[in-house]
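Residue numbering restarts at 1 for every chain, and letters A, B, ... go by the order of the sequence lines. Below, all heavy atoms of this structure are taken into account, side chains as well, without hydrogens, waters or symmetry copies. Worth saying up front: this structure is predicted, and the values here are computed from it rather than measured.
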There are 2 protein chains.
Amino acid sequence: MGASARKHDVFQAIADPTRREVLRLLAEKERPISEISAHFPISRTAISKHLHILSEAELVKGKKAGRERIYHLQPEPLTELKQWLSYYEQFWNNKLLKLKYIVEEENE
Amino acid sequence: MGASARKHDVFQAIADPTRREVLRLLAEKERPISEISAHFPISRTAISKHLHILSEAELVKGKKAGRERIYHLQPEPLTELKQWLSYYEQFWNNKLLKLKYIVEEENE
DNA sequence: TTGACATGAAACCCAAAGGTTGTATATGAT
DNA sequence: ATCATATACAACCTTTGGGTTTCATGTCAA
């Protein structure tokens, strides 16, 4: 089965503010779970669940190191988001082009 | 209160596949609710709820016209998504730059 | 080997998400 | 006036999401 069969996709993974904050933390540097959860008011278990969801979306990956599990960012799946966005980007660029056209006409 | 107090933000709004499809339909052209819901296997009421959520995120806007309500796309809030993405884009560009560097070194 | 530490995993809770059906209201057509 | 159409709104249902607590397991340190 393909990537579309994954339970959590990128769009869903980044929908939650806590998960976005986790991504930001991991963008700075790789971190073990306890260090990540220290940044949040919720339990370590809750953070662990968020990390599972991010893992399913392949936005992070955890490697076992001794008794810790170190998570690091994998930004690649965000390209899917970028592609999705580019379609609409073209759309709002058109708006800007129309505006530019109007401005230039007025200057003549 | 600011925009952050909105119940549904852009990230949440685009998390659902049905809503993304609705956006795509509205990107083509503006449409009344019944026309939109004709594209889906679920009820018109369900689509109406999705449109409400998209409205809250200001990704669409509905104008009453006779007994219909015509919805059209408002892509502007997607800039927030683009900005969020750009942070990580820079990140994966670095990966590409590193790779390019290695390749060029090997060619010398 | 014994204790502290880091995580995994299960059971449970509550609220929200996504959906349905049924009823009401406004508008257009006859 | 009457009827069909387009939508709004309320009530309800079921699953998922985000969270907690508790207990088990593996690993480091003394």
So which protein nitrogen or oxygen atoms get under 3.5 Å of nucleotides 16-19 of chain C's nitrogens or oxygens?
residue, atom, partner, partner atom, Å
C:dA17, OP1, B:Gln12, NE2, 3.1
C:dG18, OP1, B:Asp16, OD1, 3.3
C:dG18, OP2, B:Arg19, NH1, 3.1
C:dG19, OP2, B:His50, NE2, 2.4
C:dG19, N7, B:Lys49, NZ, 3.2
C:dG19, O6, B:Lys49, NZ, 2.5

Could you go through nucleotides 23-30 of chain C and list every protein N or O atom that sits under 3.5 Å from one of its N or O atoms, giving the distance for each pair?
residue, atom, partner, partner atom, Å
C:dG28, O4', B:Arg67, NE, 3.4
C:dG28, O4', B:Arg67, NH2, 3.4

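Note on the helix from C:dT1-D:dA30 to C:dT30-D:dA1: terminal axis deviation equals 20°, with five pairs used at each end and the result rounded to 10°.
No side-chain donor-acceptor contact under 3.5 Å links A:Arg44 to the backbone of A:Ile36. Side-chain N or O atoms of B:Arg20 include one that pairs as donor or acceptor with a backbone N or O of B:Ile14 at under 3.5 Å. With B:Ser55 contributing its side chain and B:Glu58 its backbone, the two residues share no donor-acceptor pair below 3.5 Å.
With sequence neighbours excluded, no residue satisfies side chain to side chain donor-acceptor pair (under 3.5 Å) with B:Lys61. By the salt bridge (charged side-chain N to carboxylate O under 4.0 Å, His left out) test, B:Arg67 is found to be paired with no residue, residues two or more places apart in sequence or in another chain being considered. Scanning for side-chain contact (heavy atoms from CB on, under 4.5 Å) contacts around B:Pro32 gives B:Ser34, B:Glu35, B:Glu68, B:Ile70, with sequence neighbours left out. Checked against side-chain contact (heavy atoms from CB on, under 4.5 Å), B:Lys64 has the following partners two or more places apart in sequence or in another chain: B:Arg69. Looking at residues two or more places apart in sequence or on another chain, you find a side-chain contact (heavy atoms from CB on, under 4.5 Å) between B:Glu28 and B:Arg24, B:Arg31. Residues passing the side-chain contact (heavy atoms from CB on, under 4.5 Å) test with B:Lys49: none are found, sequence neighbours excluded.
Along DNA chain D, the stretch of nucleotides lying under 4.0 Å from any heavy atom of chain B spans, 5' to 3', D:dA4 to D:dA11.
Here A:Leu78 contributes atom CG and A:Leu59 contributes atom CG; the two are 5.0 Å apart, rounded to the nearest 0.5 Å. The distance from atom CG of A:Leu23 to atom CG of A:Leu54, rounded to the nearest 0.5 Å, is 5.0 Å.
Applying the ring pair (Phe, Tyr, Trp, His ring centres under 6.0 Å) rule to pairs touching residues 48-87 of chain B yields B:Phe11-B:Trp84, B:Trp84-B:Tyr88, sequence neighbours excluded.
Scanning all heavy atoms of the two residues, the minimum distance from B:Val60 to B:Leu51 falls at CG2-O, 3.9 Å. Across B:Ala13 and B:Arg19, no two heavy atoms sit closer than the pair O-NE, 2.7 Å.
B:Lys82 places a side-chain heavy atom less than 4.5 Å from the side chain of A:Glu89.
B:Ser48 comes within contact range of the sugar-phosphate backbone alone, with a heavy-atom separation under 4.0 Å but no base atom that close.
Scanning residues 25-40 of chain A for heavy-atom distances under 4.0 Å to DNA chain C yields A:Pro32, A:Ile33, A:Ser34.
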